[in-house]
Amino acid sequence: MDDEAMSARGSRAAAAMSPGRSAGRLADEVYDTLLGQLMSLRIEPESRVTIDVLARELGVSQTPIRDALNRMEAEGLVVRVPHAGYRIPPQITRRRFEDMLEVRLLLEPAAARRSAERASPEQVAGLRRMLREMAELEGSKGVMAYGAFGLRDAAFHDLVALSADNQVIRETLARLHSHVHLFRLHRDAQVTHLAMAEHEQVVAAIAARDPDAAAYAMRRHILRSGDRFRRVFDEIEAAHAAAVKA
């Protein structure tokens, strides 16, 4: 998306910003606005995002824009380009998806197994809290709710890796940003519903201190998730083929 298009869209977003808000709250509002535009693809993959254009678009100073973009960079939602602002990552390809799935199948069942062995009571409680937060979003509708669910899905898997007490596994999985890429790809309420049930099985096995069951539940979750998103790629490829023939 070029700068003129972003500016043309910006007056409506700026109107949603509440007056008299604190710096932290303002950065949160900017983040929420950008997340909604990103998840809805109103900000297109591979487009350029600049701080000064966003500041004009949203009617705020550059400071909350920087804060929001720094947060988004940490979550894999944007990529910093030296001397050129930020860029939206490209949409994930099928090949990249299959490669990420292979890595996740190698690492995440092992992380769930170790979590069942090593997680502290506080970490188990944290996993349960995350499930409750995701359940609250599950019934919500709209781009923002779906985007928030995707980020909490990523946070859930990160908590499992954290409780496994293996920093290398955690860092490797974090660099994939796989959940962010997948939830940008397609919005489907069924994805959130099925993922919730599978997450609950993972947490139940971890809480029961059953390493085999935890590893099995995580592996099954990743395999089923893979099947769900493969259907998305099939739909995209079929639509592209139909457009070429038209």
Side-chain angles (χ1 to χ4, degrees), residues 39 75-77 89 91-119 123-124 126-135 137-138 146-237:
M39 298 302 291
E75 292 169 344
L77 296 170
Q91 199 68 288
I92 188 174
T93 64
R94 182 186 284 267
R95 173 61 186 271
R96 177 75 174 176
F97 163 76
E98 294 292 350
D99 287 349
M100 289 195 308
L101 190 69
E102 184 175 350
V103 173
R104 292 184 65 194
L105 284 169
L106 290 171
L107 297 181
E108 293 207 59
R113 176 182 296 278
R114 290 291 180 258
S115 178
E117 296 170 343
R118 301 172 177 173
Q123 288 172 327
V124 173
L127 287 167
R128 286 173 167 156
R129 280 195 302 273
M130 183 60 69
L131 287 182
R132 290 195 294 271
E133 290 182 18
M134 296 175 79
L137 290 168
E138 186 185 3
Y146 189 81
F149 186 95
L151 292 176
R152 282 168 176 76
D153 184 81
F156 171 81
H157 285 263
D158 181 65
L159 283 177
V160 173
L162 174 64
S163 63
D165 196 26
N166 187 314
Q167 190 63 23
V168 174
I169 288 180
R170 187 185 182 202
E171 291 172 354
T172 302
L173 292 171
R175 283 194 294 270
L176 293 177
H177 293 299
S178 55
H179 302 79
V180 169
H181 288 302
L182 292 174
F183 279 84
R184 285 173 61 218
L185 183 69
H186 185 63
R187 294 185 298 280
D188 186 346
Q190 185 185 35
V191 170
T192 62
H193 174 72
L194 295 173
M196 277 297 304
E198 292 158 11
H199 289 166
E200 289 168 359
Q201 292 169 355
V202 172
V203 174
I206 291 173
R209 305 299 181 183
D210 189 333
D212 289 342
Y216 176 76
M218 181 63 81
R219 179 175 178 81
R220 183 171 58 180
H221 166 52
I222 295 171
L223 287 171
R224 290 180 173 179
S225 176
D227 289 340
R228 290 191 287 269
F229 282 103
R230 283 191 185 98
R231 289 193 288 272
V232 175
F233 283 106
D234 290 341
E235 293 169 4
I236 292 172
E237 291 169 2

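For the single chain, residues carry numbers from 1 onward in sequence order. Computation of the quantities below employed the complete heavy-atom set of this structure, encompassing side-chain atoms and omitting hydrogens, waters and symmetry-equivalent molecules.
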Enquirer: Taking Arg104 first and then Asp99, would you say they form a salt bridge - that is, a charged N and a carboxylate O separated by under 4.0 Å?
Expert: no
Enquirer: Take the angle between the ring planes of Phe97 and Phe233 and call it parallel below 30°, perpendicular above 60°, tilted in between.
Expert: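 Because their plane-to-plane angle lies in the 30° to 60° range, the rings of Phe97 and Phe233 count as tilted.
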Enquirer: Does any N or O in the side chain of Ser163 come within less than 3.5 Å of the main-chain N or O of Leu159, such that one atom is a donor and the other an acceptor?
Expert: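 Yes, Ser163 side chain to Leu159 backbone: donor-acceptor pair under 3.5 Å.
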Enquirer: Checking Ser225 side chain against His221 main chain: does a donor-acceptor pair fall under 3.5 Å?
Expert: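 Pair absent, no side-chain N/O of Ser225 close to backbone of His221.
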Enquirer: Can you see whether Gln123 engages Arg118 through a side-chain donor-acceptor pair at a distance of less than 3.5 angstrom?
Expert: no
Enquirer: If I take atom CG from residue Asn166 and atom CG from residue Leu173, how far apart are they, to the nearest 0.5 angstrom?
Expert: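 Reported to 0.5 Å precision, the distance equals 9.5 Å.
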Enquirer: Can you give me the closest heavy-atom contact between Ala214 and Ala116, atom names plus distance?
Expert: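 What the structure gives for the nearest pair is CB-CB, 4.0 Å.
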Enquirer: Is any side-chain N of the basic residue among Glu108 and Arg219 closer than 4.0 Å to the acidic one's carboxylate O?
Expert: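 The answer is no: the pair does not qualify as a salt bridge.
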Enquirer: How far apart are the C-alpha atoms of Asp165 and Arg114, what are their side-chain angles, what is the distance that settles it, and do they pass the salt bridge (Lys or Arg N to Asp or Glu O under 4.0 Å) test?
Expert: CA-CA 8 Å; Asp165 196 26; Arg114 290 291 180 258; over 6 Å; no
Enquirer: If you measure from the Lys or Arg side-chain nitrogens to the Asp or Glu carboxylate oxygens, is any gap between Asp227 and Arg230 under 4.0 Å?
Expert: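 Salt bridge: yes.
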Enquirer: Measuring only between side-chain heavy atoms, which start at C-beta, is Gln201 closer than 4.5 Å to Arg220?
Expert: yes
Enquirer: Which residues pass the side chain to side chain donor-acceptor pair (under 3.5 Å) test with Arg209, sequence neighbours left out?
Expert: none
Enquirer: To the closest 0.5 Å, what do you measure between CD1 (Ile222) and CD (Glu102)?
Expert: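 Between Ile222 CD1 and Glu102 CD, I get 12.5 Å after rounding to 0.5 Å.
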Enquirer: For His199 and His157, what are the C-alpha separation, side-chain angles and deciding distance, and is it a side-chain contact (heavy atoms from CB on, under 4.5 Å)?
Expert: CA-CA 9 Å; His199 289 166; His157 285 263; 3.4 Å; yes
